[in-house]
Amino acid sequence: MRRPFWVAVGVGFGAAGAIMVSRWTRRQVQRAKPTSIAREARSGLLDLSRLVAESVEEGKRAADERERELRAKHDVPGPGAA
């Protein structure tokens, strides 16, 4: 009675393991397809370009603010003052 039970348990674990490995392999193949890789690269480039644009804008704002501070500190008129 013990031996058939453990054979059945082993077959069950083997089948479950085979199904899990099969699903994992299928997911890995999908991730490695060129279209998937291209989609991920495009998404990464879009994120990078957005971050660069935000950084440039922040730099411009900081430079303008610093220029106003220095002009006020040294009594230098702004570029629009005549």
Side-chain angles (χ1 to χ4, degrees):
M1 190 67 190
R2 287 185 187 174
R3 204 169 277 176
F5 171 77
W6 288 113
V7 168
V9 168
V11 168
F13 276 121
I19 290 170
M20 289 173 49
V21 167
S22 172
R23 289 180 181 174
W24 179 84
T25 304
R26 224 176 292 131
R27 272 183 272 153
Q28 298 307 313
V29 167
Q30 285 289 12
R31 287 181 57 197
K33 282 187 176 180
T35 55
S36 178
I37 292 172
R39 187 179 319 114
E40 288 179 22
R42 181 176 51 234
S43 174
L45 286 175
L46 289 174
D47 289 345
L48 178 63
S49 66
R50 182 179 47 81
L51 288 173
V52 168
E54 289 174 1
S55 297
V56 168
E57 287 300 316
E58 180 64 28
K60 286 179 182 179
R61 280 193 296 272
D64 289 343
E65 182 180 331
R66 181 68 175 147
E67 181 181 5
R68 283 192 300 275
E69 289 173 4
L70 291 173
R71 286 184 184 278
K73 180 179 178 181
H74 297 290
D75 275 341
V76 176

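Along the sequence shown, residues are numbered consecutively beginning with 1.
When every heavy atom of Pro77 is checked against every heavy atom of Arg71, the shortest pair comes out as O-NH1, 2.5 Å.
In the hydrophobic clustering of this structure, Val56 groups with Leu48; members are Ile, Leu, Val, Met, Phe, Trp, Tyr whose side-chain heavy atoms approach within less than 4.5 Å, directly or through other members.
Counted within 6.0 Å of CZ on Arg61, heavy atoms from surrounding residues, nucleotides or ligands total more than 12; the atom is thus considered enclosed. Heavy-atom neighbours of Arg23 CZ from other residues, nucleotides or ligands within 6.0 Å: at or below the threshold of 12.
Salt bridge Arg68/Glu65: absent, no basic N to carboxylate O contact under 4.0 Å.
Judged by distance alone, with hydrogens and angles left aside, the side-chain atoms of Thr25 form a donor-acceptor pair with the main-chain N or O of Val21 at under 3.5 Å. The backbone N or O of Lys33 lies less than 3.5 Å from no partner atom in the side chain of Ser36, so there is not a single donor-acceptor pair.
Ser22 and Arg26 share a side-chain donor-acceptor pair at under 3.5 Å.
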Next on the checklist: Set out, in order, the CA-CA distance, both residues' side-chain angles and the distance that settles side-chain contact (heavy atoms from CB on, under 4.5 Å) for Arg50 and Asp47, then state yes or no.
Outcome noted: CA-CA 5 Å; Arg50 182 179 47 81; Asp47 289 345; 3.9 Å; yes
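Within the 4.5 Å cutoff, no side-chain heavy atoms of Glu54 are placed close to those of Glu57.
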